[in-house]
Amino acid sequence: MFRLHFNRMILLSALSVILGVSAGCARYARNVNTLYEPAATARGGSGVLYIVMPAGRETLPSNVKWVIGTVKDHDGMEIDKIFSPRSPLDIVQSALSLELRKAGYTVQTVTAKPAGPVREIDLTNAGIVLDQVSSLADLKATCHMDVQLDAGKNGQLIKKLHYESTYSNTTVKDRDLLAGTVLQEALHSLMEKAVPEIVRVFEK
């Protein structure tokens with residue numbers, strides 16, 4: 001009876017190890033989103049500012065997901081994709097809108113350039129690459145962003161703007177929080193560069 005109980009304990013322990021290894025291969029979030037909190041400290045904006053995002057580049061219906069990165073194991077082999085329910089342009093546009101409102105602007109988001117004497121930010125391109133390394137010994141996420149903007153006034157281009165940011169984290173151990181945290185911090189870094197310059201461009 002003791003031997004049967006002992007053998008059962010060994011079997012359960014072995015199963016736990018196997019399940020643990022299998023779970024280790026899935027120590028990551030496949031779907032990433034973030035509730036953005038403004039971080040830039042720029043002030044001095046006033047009046048209406050349009051943010052133009054090209055039609056067709058906005059977030060599509062909820063059954064469509066955007067691939068924004070990959071998951072690799074400790075050997076550097078790709079084991080999965082990382083998905084977002086929002087497009088990279090939509091993620092950047094949403095964060096930029098919040099930051100510019102905080103800076104003092106009344107922000108209007110549109111998909112076509114408005115006519116008349118207006119000020120506008122044209123989001124010409126936004127790239128987000130969020131990669132994770134997931135193994136029993138390592139859990140790391142890195143997010144790189146590359147954003148291009150055109151600042152315009154009364155139908156005329158004022159300045160072309162280009163910003164990049166990269167953020168990595170290995171300290172957040174919650175697999176459901178890591179990718180979202182890295183995405184938000186990369187956005188914060190980019191907005192801290194972009195928003196003060198946008199205010200200077202329009203308010204000088």
Side-chain angles (χ1 to χ4, degrees), residues 28-45 49-54 57-59 65-72 81-105 107 109 119-134 138-152 158-204:
Y28 55 85
R30 298 182 73 240
N31 299 289
V32 178
N33 205 345
T34 183
L35 296 175
Y36 184 79
E37 294 291 337
T41 58
R43 296 292 186 274
L49 182 59
Y50 288 87
I51 297 180
V52 185
M53 185 167 66
R57 302 286 295 277
E58 69 272 23
T59 294
K65 293 184 179 181
W66 299 77
V67 177
I68 62 169
T70 61
V71 182
K72 297 180 180 180
K81 304 288 187 183
I82 299 177
F83 300 92
S84 169
R86 297 187 295 164
S87 71
L89 269 175
D90 193 36
I91 292 171
V92 172
Q93 181 271 127
S94 178
L96 187 60
S97 296
L98 291 171
E99 293 285 7
L100 291 173
R101 288 189 180 102
K102 184 179 177 183
Y105 293 103
V107 177
T109 58
R119 297 176 296 175
E120 66 188 54
I121 290 291
D122 190 358
L123 274 172
T124 58
N125 193 41
I128 297 177
V129 179
L130 201 170
D131 291 328
Q132 293 188 68
V133 175
S134 179
D138 194 15
L139 183 62
K140 177 183 179 181
T142 300
C143 184
H144 178 76
M145 294 188 177
D146 188 314
V147 176
Q148 297 175 36
L149 315 168
D150 287 348
I158 299 175
K159 190 172 184 179
K160 286 184 172 292
L161 305 170
H162 180 206
Y163 304 100
E164 293 185 69
S165 72
T166 301
Y167 184 82
S168 297
N169 193 299
T170 59
T171 63
V172 178
K173 299 306 179 184
D174 189 324
R175 66 181 181 182
D176 295 321
L177 295 179
L178 176 60
T181 298
V182 170
L183 176 60
Q184 173 147 283
E185 290 303 322
L187 273 171
H188 280 164
S189 177
L190 190 139
M191 293 299 160
E192 286 169 354
K193 302 172 187 176
V195 176
E197 185 170 11
I198 290 172
V199 173
R200 287 195 298 271
V201 166
F202 286 116
E203 305 301 328
K204 65 180 179 180

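Sequence neighbours left out, the pairs with a member in residues 186-202 that pass salt bridge (Lys or Arg N to Asp or Glu O under 4.0 Å) are Lys159-Glu197.
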Please step through side-chain hydrogen bond (donor to acceptor under 3.5 Å, both in side chains) for the pair Lys140 and Asn169, ending with a clear verdict.
-> CA-CA 6 Å; Lys140 177 183 179 181; Asn169 193 299; over 6 Å; no

Worked check of side chain to side chain contact (heavy atoms under 4.5 Å, CB included) between Tyr50 and Ile121 = CA-CA 6 Å; Tyr50 288 87; Ile121 290 291; over 6 Å; no

List the steps and the verdict of side-chain hydrogen bond (donor to acceptor under 3.5 Å, both in side chains) for Glu185 and Thr181.
-> CA-CA 6 Å; Glu185 290 303 322; Thr181 298; over 6 Å; no

Take Leu149 and Ile198, measure what side chain to side chain contact (heavy atoms under 4.5 Å, CB included) needs, and give me the verdict at the end.
-> CA-CA 10 Å; Leu149 315 168; Ile198 290 172; 4.0 Å; yes

With side chain to side chain contact (heavy atoms under 4.5 Å, CB included) as the test, would you mind laying out the steps for Asp146 and Tyr163 before giving the verdict?
-> CA-CA 6 Å; Asp146 188 314; Tyr163 304 100; over 6 Å; no

Derivation of the side chain to side chain contact (heavy atoms under 4.5 Å, CB included) call for Val67 and Phe83 | CA-CA 5 Å; Val67 177; Phe83 300 92; 3.6 Å; yes

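In this structure, the side chains of Leu139 and Thr170 stay at 4.5 Å or more apart for every pair of heavy atoms. Counting heavy atoms from C-beta on, the side chains of Val182 and Ser168 never come closer than 4.5 Å. With a 4.5 Å cut-off on side-chain heavy atoms, Leu96 and Ile51 count as touching. Annotation: side chain of Val52 is not in contact with side chain of Leu123 (no heavy-atom distance under 4.5 Å). With a 4.5 Å cut-off on side-chain heavy atoms, Trp66 and Ser87 count as touching. Val147 is not listed as a side-chain neighbour of Asn125, based on a closest heavy-atom distance of 4.5 Å or more.
With sequence neighbours left out, Ser165 forms a side chain to side chain donor-acceptor pair (under 3.5 Å) with no residue at all. By the salt bridge (Lys or Arg N to Asp or Glu O under 4.0 Å) test, Asp150 pairs with Lys160, sequence neighbours left out. Every residue meeting the salt bridge (Lys or Arg N to Asp or Glu O under 4.0 Å) condition with Asp122, not counting sequence neighbours, appears here in chain and number order: Lys113. Not counting sequence neighbours, the partners of Tyr36 by the ring-ring contact (aromatic ring centres under 6.0 Å, His included) test are His188. Looking at residues two or more places apart in sequence or on another chain, you find no side chain to side chain donor-acceptor pair (under 3.5 Å) involving Thr109.
Under 4.0 Å is where a charged nitrogen must lie from a carboxylate oxygen, and between Arg119 and Glu203 at least one such pair does.
Test Asn33, Ile128, Ile82 against Leu183 for side chain to side chain contact (heavy atoms under 4.5 Å, CB included) and you get one pass: Ile128.
Listed for the Glu99 side chain is a donor-acceptor partner under 3.5 Å among the backbone atoms of Ala39. Between the side chain of Thr124 and the main chain of Gln148, a donor-acceptor pair closer than 3.5 Å is present.
Across Ala42 and Val199, no two heavy atoms sit closer than the pair CB-CG2, 4.2 Å. Closest approach of Ser134 and Val71 over heavy atoms only: CB-CG1, 4.0 Å. Taking each heavy atom of Gln184 and Glu37 in turn, the nearest pair found is OE1-N, 3.2 Å. Between Phe202 and Gly152, the shortest heavy-atom contact is CE2-O, 3.4 Å.
Of the inter-residue distances, the one linking Ser94 atom OG with Arg86 atom CZ reads 5.0 Å to the nearest 0.5 angstrom. With rounding to the nearest 0.5 Å, the separation of CE in Met191 from OG1 in Thr41 is 14.0 Å.
Counting only N and O atoms by type, the side chains of Thr70 and Asp131 include a donor and acceptor under 3.5 Å apart.
Within a 6.0 Å sphere centred on NZ of Lys72, other residues, nucleotides and ligands contribute 12 heavy atoms or fewer.
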